[in-house]
Peer 1: 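I have a structure I would like to understand better, so I am pasting it below and will then ask my questions one at a time.
Protein chains get the first letters and strands the later ones, always in sequence-line order, with residue 1 at the start of each.
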Amino acid sequence: MSQSGPLVKIRNIHIEGRADEIWLEIVRNVDLDLDRGEVLGLIGESGAGKSTLGLAAMGFARDGCRIASGTVEFDGIDLIAADAVTRRSLLGKRIAYVAQSAAASFNPAHKLINQHTEAPVEHGVMNRTKSQADAIELYRRLRLPNPEEIGFRYPHQVSGGQLQRAMTAMAMSCRPDLIIFDEPTTALDVTTQIEVLAAIRDIVEQFNTAAIYITHDLAVVAQMADRIKVLLRGDQVEESDTRSMLSDPQEDYTKSLWAVRSFRREQKPLASPQDIPVVSVKRVAAAYGETRVLNEVSFDIHVGRTVAVVGESGSGKSTAARCITGLLPPVEGTIEFDGVALPPDYRQRSTEQLRQAQMIYQMADTALNPRKRIGEIIGRPVEFYLGMKGAERKERVEQLLEQIELDPAQFMDRLPSELSGGQKQRIGIARALAAEPKFIICDEVTSALDQLVAEGILQLLANLQDSLDLAYMFITHDLATVKSIADEVVVMKNGEVVETGPKDVMFTPPHHPYTDLLLSSVPEMDPDWLTGLLQRRGVDNIGDAAVDKMESR
Amino acid sequence: MNIVISLILWIVGICVAGWVFRAVGQRIRFPSERLNIYFRDMPLMVGIGFMFGIVSLYFVFHFYFIEKVTFFVWAVQGFVVFAISAWLFLMLGRNVGTQMSRKLFREMPATASFGLLIIIIYSLVAVFAGAIAPYGQEEIFEKINVLPGGDPATGGDPRFLLGTDQLGRDLLSRLIFGAQNTVGIAFLTTCLAFLIGTTLGFLAATLGGWFDQFTSRAIDALMAIPQLIFALLLMTIATAWAGSNKGLITVYMIVIIAVLDSTRVFRLARAVGLNIVVMDYIEAAKLRGEKLSYLIFREILPNAYAPLLAEFGLRFCFVFLTIAALSFLGIGIQPPLADWGTMVRDLSQFINFAVFSPLTAALPLMAAGAIALLTVAVNFVVDWMLHRSSGLKE
Amino acid sequence: MKAIGLIILHRLGLGLVTLFVVSVLIFASVNMLPGDFAQAILGQSATPEAVQAIREDLGLNKHPVTRYLDWLGGVLQGDFGVSFAQANFSAFAGADASKGGIGSVAAQLEPRFKNTLFLAFVSAAIAVPLSLILGILAALYRNSVFDRFINVATLSSISSPEFFLAYILILFLGVLNPLLPTLSSIFPDMSFGERLLKTMLPALTLTLVVTAHMMRMTRAAIINLLASPYIEMARLKGINPTRVIVTHALPNALAPIINVIALNLAYLVTGVVVVEVVFVYPGIGQLFVDSVKIRDIPVVQACCLIFAAAYILLNLTADIFSILSNPRLRHPK
């Protein structure tokens, strides 16, 4: 084992992916160096080629991809020229991989610990018994509950955050020199994410392992990496150590990424108690079949205000929206619109009532009919609700397109598939506006978008609210978005409202312990944030452990 | 039993040859580096696959040049002719026509263009059967059981290229009219099956609730009986109803097979419909207050064309084969209509004359081959369509 | 373990209900015949008295529901009624046809059922291992020469009608190179080897059809499986390819593979009809077709029920095996 020189040296690498019999470049001319014990953060938006590059550092290309040219050297061994046996002897033993979805990456047919011991036994690093003992030790270090026992469960019997830590333990099983972390916390809730982050950082430091940490989340990479490399559509943009990258980005693209977080909207004063709210949810309970999913949910939304409903997955925030729209009639309680109770089922509501409440969806891809042209998608509600036809309708659609800052002449006759993600989301907004509603539900409208594009959408929504006096119900799990756009915040957990209040009050502790936990778990751009938080709260007061404590109380 | 032993020996021999082939390839240093790497990374099975290919080629050579099996010779010649014309067809499509059609042809693999060409030829023959065929399908001549070949020396007659059958009808004409009857009836049946299946399937997907429950359970019950068996049972009853009216039997058969086959169409249409119904744009349309007909025709149907079209191809093959099987069993399309299934049955005993009169033995195989060729063609096209619409690289 | 037991019981119950519904369906279809059995047996020229007599004899003047229950009761005891064709014959012979004598459907079915089972077993014994091996290999070396060759070959085999394949085999293996007998005359007292030889051609035909289907489905299932992230994970752990297949892919492939096998054995049920006719193989398929032609209703009914029962049973087995092999169900939370 040579100790000199970088651990990983990638030069001039080009990676291609196949699309319809043609090879397209996914990664272009990228160099990468990584020293022993160093953590490199690889960031970029979706489609930047960061996962592909991460896998290439292992000498691996997914089906349908190929490394077209360039070299990948690991500790002086050329991984691309090496034959399959040599490569296999390195994978798992000296280079390990942690995948994005632990639930899908663990084999459902085997116990965790058997999958853990597989690599050490196969590579002859440890025998089975020793590796099992080692697994339990690693589980303990990663602060998994019941480390003695958890390994003997099947993957589907373990929660997502715990699986992700078990996978990190598995990657550590042979004490590799390098681990590739491929978006390990993207699929997790914020409160769970933080404990996984803490655990990963801790164990990588303990064993002095080098790592490539791939993510799209700048705040996360700021906590984890010593050095950051920025990718944009397969090209490298910039690379420097974390602190100087955060304080002094050089390239325009990097600067613009950093700037996203600075979008803040003035918080409006609370509406006076005498005002009749546009939408008032009163003690609503809902159930899917026998299972109760909402209990005693109440909140008001006033004219021109944005109420952000936040909570983790399964908290019931989307269900609340389904109750308001009438897709899921509540079993108890009422929904009032302008002081008048709405029929619970949407099929019993009048066209006028339907018109007043519109919805914008998370996935613009599934929200627009792929076989209809933009003019028809926006034109249909114009015709349906307002009875406009022919030239009148066309004129109105043009107006709407201008309102959402798209050129009518260019977009009128396109199909949704010919638009980018951000443009599709704008069409979704235009379709909602076409009904000329008073109230719009925005269901995670920015979470599927890249940050720059998401900011544009938020800006647009804010402008529209000012000019049309719209009331928004803004469902999100992303607290950064809440900070930037909300007037009031409703925090939900397990189908109940934990707390409500104006944004500025909600973001200053102390509050309900869950609200505090949720808000404090959102990573910040400060590289010392995680360290600071761990010092303040202690390792046992974050993540699932903290939630469990709260519930047992 | 020695046939089993020789078969095993053949297989073992091929496997060993494949291993040797690979081993030799790995030893030799080729001037081209890519070839070196190709052999280095070659899995054993690929080597064996090469050997299998070589052995198959040998057998083709053997039956074509040494044994000269008539039907086989025709099949190989036909294959070569079709392959060349399919290639020409592909080249033509790539260079002539609109931008769209050219792009389509550029992405098309050779198998699909082969299939497309065959389908076009069959449709032309089916539509213009009356003009192409030398005689009518029911026309009876005095000369019965004329041997094919048209050579008087071997018992043929130049007027009847493929000879005549036991009633004295011209076989070539009946083969051509068979395209019209067999393909036409199968096409009609498939259309009917689709009409029933998609209507019910989409209704079940959009309405849900008791309607969905009821139709799905009913279809499950129908599908619990194997299709051909159920068709035979119902045909028993249908023939009793039709009595001596042979034409009516064919009509009943169309209805019976269409209904039985619509169960599969229902399943697919419902599944496709359910996938579309959960989309947010359908929810948006529902919340807008749109009516059921708008939902089905304007929102769902346009998104279901691609999978339904592929399914149409597959169902057509299935219906076509079912009808051929029924006719072969003597319970399907009734004489005097010419049809391939019946022809195979009527001519099947000639197979045993293959040693003395290879031409005669080729006749039943030609009718059966005509059926097989069309289904292969449709399958090739469907395969490509499915591949395209799923957009997967595998 | 409790949950999985319940699920399986539920499936078994569902299978029983399906069988019941199918028996009703078959009975109801047969009752759509114009006139009735009596007329059908004696033909159009029969005197009203004779028709009446037969009607009494067969209990045709009872209510359909009663008749259905009688029939079902008989079937459950292995009595499928009396064959028309044989009934006429035995009436002359003076035998009591109703109780398992010469004319009973059951007596007619029994040896043929055994023959058909033998044919199905031989075909399955060749087809199942062959197609699994070929399917797995094609999936492993997908897009290679081997895979493409197999793809075209199986697609052609699927597309051909069974009788086409049968005649091709007859031509090459029976007539041009007389290796195998083209007629399957089978007698009860044949030796096993002789029987096997006579069954070989029909079995090979069925094998060709079923192997193609099964192989393609196996290939698709395995490719689907190989694309899953846990296989990629195993490869990235540096495990050798054979072990990846054996310990990571196979346990999860069990359910789809069992499904494929059962589906294709069920497909054999249909395929057997045409193939038996081609080779004049004395099985129920041929009996079924013959009875359909002469409208021997009790036999048609019985054959139909047997085919449907086999079909349902196979699908049920597949269902239960795939439940048993699902780790999520075997080890509940």
Peer 1: Could you walk me through whether C/Met233 and A/Phe106 satisfy the side chain to side chain contact (heavy atoms under 4.5 Å, CB included) test, starting with their C-alpha distance in whole Å, then the side-chain angles of each, then the deciding distance to 0.1 Å, before giving a yes or no?
Peer 2: CA-CA 8 Å; C/Met233 190 71 210; A/Phe106 270 116; over 6 Å; no

Peer 1: Please find the pair of heavy atoms, one from A/Arg88 and one from C/Pro241, that lie closest to each other, and give the distance.
Peer 2: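 For A/Arg88 versus C/Pro241, the nearest heavy atoms are NH1-CD, 3.2 Å.
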
Peer 1: In terms of heavy-atom proximity below 4.5 Å to chain C, should A/Arg153 be classed as side chain, backbone, both, or neither?
Peer 2: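 Contact with chain C involves no heavy atom of A/Arg153 at all.
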
Peer 1: Hey, mind stepping through A/Leu55 and C/Leu236 against side chain to side chain contact (heavy atoms under 4.5 Å, CB included) and telling me if it holds?
Peer 2: CA-CA 9 Å; A/Leu55 285 171; C/Leu236 288 174; 3.9 Å; yes

Peer 1: I need the A/Arg87 CZ to C/Arg235 CZ distance, nearest 0.5 Å.
Peer 2: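 Separation between the atoms: 10.5 Å.
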
Peer 1: Side chain of A/Asn107, backbone of C/Tyr230: donor and acceptor closer than 3.5 Å?
Peer 2: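 Judged by distance alone, no pair lies under 3.5 Å.
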
Peer 1: Is any NZ, NE, NH1 or NH2 atom of the basic residue among A/Glu118 and C/Arg243 found under 4.0 Å from an Asp or Glu carboxylate oxygen of the other?
Peer 2: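 Looking at A/Glu118 and C/Arg243, the cut-off is met.
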
Peer 1: When rounded to the nearest 0.5 angstrom, what distance separates CG in C/Asn240 from OG in A/Ser89?
Peer 2: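 Answer for the CG-OG pair, C/Asn240 versus A/Ser89, is 12.0 Å.
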
Peer 1: Within a reach of under 6.0 Å around CZ of C/Phe321, are more than 12 heavy atoms found that belong to other residues, nucleotides or ligands?
Peer 2: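 No - once you tally the heavy atoms of other residues, nucleotides and ligands closer than 6.0 Å, there are 12 at most.
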
Peer 1: Need one label for A/Gln100: side chain, backbone, both or neither, based on atoms under 4.5 Å from any heavy atom in chain C.
Peer 2: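 Contact with chain C: none, neither part.
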
Peer 1: What part of A/Ala96 gets closer than 4.5 Å to chain C, counting heavy atoms only: side chain, backbone, both or neither?
Peer 2: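 Answer is neither: A/Ala96 stays 4.5 Å or more from chain C.
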
Peer 1: Quick check on the interface: out of A/Ala171, A/Pro108, A/Ala119, who has the most heavy-atom pairs with chain C under 4.5 Å?
Peer 2: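 So the answer, after comparing A/Ala171, A/Pro108, A/Ala119, is A/Pro108.
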
Peer 1: Under a 4.5 Å heavy-atom cutoff, which of A/Ser101, A/Ala104, A/Ala84 has the most pairs with chain C?
Peer 2: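 Highest number of heavy-atom pairs under 4.5 Å: A/Ala104.
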
Peer 1: Quick check: does any side chain N or O of A/His110 sit under 3.5 Å from a backbone N or O of C/Thr247, one acting as donor and the other as acceptor?
Peer 2: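 Confirmed, A/His110 side chain pairs with C/Thr247 backbone.
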
Peer 1: May I have the step-by-step check of side chain to side chain contact (heavy atoms under 4.5 Å, CB included) for C/Lys237 and A/Lys93, ending in yes or no?
Peer 2: CA-CA 7 Å; C/Lys237 280 201 290 187; A/Lys93 187 178 174 189; over 6 Å; no

